[in-house]
*Asks:* 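Let me begin by handing over the structure; questions about it come next.
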Amino acid sequence: MSSFKDAGHLFRFAGLFVLAFVVFLVVRHWVVPKTFGQYGHYRGASIGEIASKPVEFAGHEACEACHTDKADEKKAGEHAHVNCEACHGPLANHANDPAAVTPVKPDTTVLCARCHTASAAKPKKFPQVAPAEHSNGMPCQTCHNPHSPAMDAGGAK
Amino acid sequence: MNLSRRHFLVLVPAAAVAWKAILAGTPEEAPNYNQAEHWWGMLIDIPKCIGCGNCVRACEAENDVPEGHFRTWVERYHVTDGNMTNPEVISPNGGKDGFPVVQEDAGKYSFVPKMCNHCSDSPCTQVCPVGATFVTPDGVVLVDQKYCLGCAYCVQACPYGCRYIHPEKKVADKCTLCYHRITKGLTTACCENCPTGARQLVDLKNPNDPIHEFLKTHAVQVLKPQMATGAKAFYNELDGSVR
């Protein structure tokens, strides 16, 4: 024991280190979020928080569950692969509560032109028209059924 | 039970790993979703894109994207000479209102939708000093906006320009691959609203996903492959001029 005779100052210093380490652990426990490190170097709970955001677009399956007539009509036509909300807009609120939220019918003069206005930059196979010459400003649905637009396939009104 | 020291030393770490896996589980808010079963990406079929801007509008409606910022946008490339280094690129308002009509048919045109590539070796997550951005176990690059300091290191680090600082929240913001939709079994807002099927959400861990056949049979490229980011936005028939 004689070798520790004058080592009191070393023990006090070591004690200080231990105390600082304990304080560090306590503060760390208090400051670092519970789920930090659950999956990696980030807060695991944030994944759940991001996933819990409500949706705006209900998805075409939700629409088709009720609007079976329109879905069947669309399925047979050229617009089979165009989903409902691509034209009708985000309608999750309507799907959640159909009575409270009534969708507004889109204006076909603007809507159809977004895709079908002729431009040399578009893929050649895509059906395109110059709206002014094609319809003289009349709404497209005067002649075409937007859910099944081809004229020769019984799509004409 | 007679447990030797040797076996004990093997079993303890194994038990620790197993316990960690049990604790990991799934996000509480999506009870029917198992992160371990998915590895998300996106297929962008350039010959199908008509530049209508539906994806940009849908993204804005779904994710409250601030005015003047884009989580996805569409660029139009126009190459008139044989030199692929000088394409004429436009993206008016991110392509949200469509593109100006072109009359003369000179050179080649292509619409290139851009978005977060959800890189598996993402440069943006590596530079975050606080662990506020990360790649999820199912391969989506997300931002923890409660933890983000807004230092914008990640905005500079992204080689695709897919991040921005949210003007009101003052934190990094980006495409979440509609994580709140894909965990509920829906597709992303941009894919749901693409009228030509030019954008498709793909799950690389799902053996029945058509992406596997597509990658085998088409000329597919990722953006900036030389940067080895492990980008998961696959572009079909990408022109060499696209940066």
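We name chains A, B, ... by the order of the sequence lines, and we start the count at 1 in each one.
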*Asks:* Are A:I50 and B:H180 packed together at the side-chain level, in the sense that at least one heavy-atom pair is separated by less than 4.5 angstrom?
*Replies:*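 A side-chain contact is absent here, since even the closest heavy-atom pair is not under 4.5 Å.
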*Asks:* Could you have a look at A:A121, A:G59, A:C115, A:G89 and say which one has the most heavy-atom pairs with chain B under 4.5 angstrom?
*Replies:*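 Going by pairs under 4.5 Å, I would pick A:A121.
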*Asks:* What residue in B:V101, B:I182, B:V143 has the most heavy-atom pairs under 4.5 Å with chain A?
*Replies:*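 Highest number of heavy-atom pairs under 4.5 Å: B:V101.
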*Asks:* Please report the C-alpha distance between A:F57 and B:R181 in whole Å, then the side-chain angles of each, then the deciding distance to 0.1 Å, and finally whether the side chain to side chain contact (heavy atoms under 4.5 Å, CB included) criterion is met.
*Replies:* CA-CA 9 Å; A:F57 289 93; B:R181 296 177 62 87; 3.4 Å; yes
*Asks:* Chain A: which of B:G98, B:A61, B:G51 shares the most heavy-atom pairs with it under 4.5 Å?
*Replies:*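 Greatest number of close heavy-atom pairs with chain A: B:A61.
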*Asks:* Are the side chain of A:K122 and the backbone N or O of B:Y109 linked by a donor-acceptor pair below 3.5 Å?
*Replies:*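 Between the backbone of B:Y109 and the side chain of A:K122 there is no qualifying donor-acceptor contact (under 3.5 Å).
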*Asks:* Within this structure, what is the OH-CD distance for the pair B:Y179 and A:E49, rounded to the nearest 0.5 Å?
*Replies:*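 Atom-to-atom, B:Y179:OH and A:E49:CD are 12.5 Å apart.
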*Asks:* Heavy-atom distance under 4.5 Å to chain A: side chain of B:Q103, backbone, both or neither?
*Replies:*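 Interface part for B:Q103: backbone (N, CA, C, O).
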*Asks:* Select one option (side chain, backbone, both, neither) describing which atoms of B:I50 are under 4.5 Å from chain A's heavy atoms.
*Replies:*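 Its backbone and side chain both get close to chain A.
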*Asks:* Verify, without hydrogens or angle tests, whether A:E85 (side chain) and B:N193 (backbone) share a donor-acceptor contact under 3.5 angstrom.
*Replies:*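 No; judged by distance alone, with no hydrogens or angles, the pair does not exist.
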*Asks:* Is there any ring pair (Phe, Tyr, Trp, His ring centres under 6.0 Å) pair reaching into residues 107-136 of chain A, and which pairs are they, with sequence neighbours excluded?
*Replies:*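 Of all non-adjacent pairs touching residues 107-136 of chain A, those that pass ring pair (Phe, Tyr, Trp, His ring centres under 6.0 Å) are A:H116-A:F126.
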*Asks:* Locate the shortest heavy-atom distance separating A:A58 from B:L186; write the atom from each residue and the value.
*Replies:*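 Result for this residue pair: O-CD2, 3.5 Å.
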*Asks:* Just grab all the ring pair (Phe, Tyr, Trp, His ring centres under 6.0 Å) pairs involving residues 122-143 of chain B, residues at least two apart or on different chains.
*Replies:*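 Those involving residues 122-143 of chain B are A:Y42-B:F134.
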*Asks:* Given a strict heavy-atom distance threshold of 4.5 Å, which part of B:T196 is in contact with chain A: side chain, backbone, both, or neither?
*Replies:*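 Both backbone and side chain.
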*Asks:* Using non-hydrogen atoms only, which part of A:A62 is less than 4.5 Å away from chain B: side chain, backbone, both, or neither?
*Replies:*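 Neither part.
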*Asks:* Quick check on the interface: out of B:C128, B:G197, B:A58, who has the most heavy-atom pairs with chain A under 4.5 Å?
*Replies:*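 Top count of heavy-atom pairs under 4.5 Å with chain A: B:A58.
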*Asks:* More than 12 heavy atoms of other residues, nucleotides or ligands under 6.0 Å from CD of A:E61: is that the case?
*Replies:*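 Not more than 12 within 6.0 Å, no.
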*Asks:* Checking B:V135 against chain A: side chain, backbone, both or neither under 4.5 Å from a heavy atom?
*Replies:*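 The backbone, not the side chain.
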*Asks:* With rounding to the nearest 0.5 Å, note down the distance linking NE2 in A:H41 to OG1 in B:T125.
*Replies:*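 Going from NE2 on A:H41 over to OG1 on B:T125, the span is 11.0 Å.
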*Asks:* Write down the atom of B:Y147, the atom of A:P33, and the distance for their closest heavy-atom approach.
*Replies:*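 Of all heavy-atom pairs spanning B:Y147 and A:P33, the closest is OH-CD, 3.2 Å.
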*Asks:* If contact means a heavy atom pair closer than 4.5 Å, which residues of residues 93-107 of chain A contact chain B?
*Replies:*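 Expected list: none.
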*Asks:* Quick check: are there more than 12 heavy atoms from other residues, nucleotides or ligands sitting under 6.0 Å from NZ of B:K205?
*Replies:*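 For B:K205, atom NZ is crowded (more than 12 foreign heavy atoms under 6.0 Å).
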*Asks:* With a 4.5 Å heavy-atom cut-off (strictly below), which parts of residues 66-83 of chain A touch chain B? List them by number.
*Replies:*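 Only A:H81, A:V82, A:N83 of residues 66-83 of chain A have a heavy atom under 4.5 Å from chain B.
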*Asks:* Give the intermediate values and the outcome of side chain to side chain contact (heavy atoms under 4.5 Å, CB included) for residues B:Q35 and A:I47.
*Replies:* CA-CA 11 Å; B:Q35 288 178 319; A:I47 297 182; 3.4 Å; yes
*Asks:* Please report the interatomic distance CD(A:E56) to CD(B:E192), rounded to the nearest 0.5 Å.
*Replies:*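 Atom-to-atom, A:E56:CD and B:E192:CD are 13.5 Å apart.
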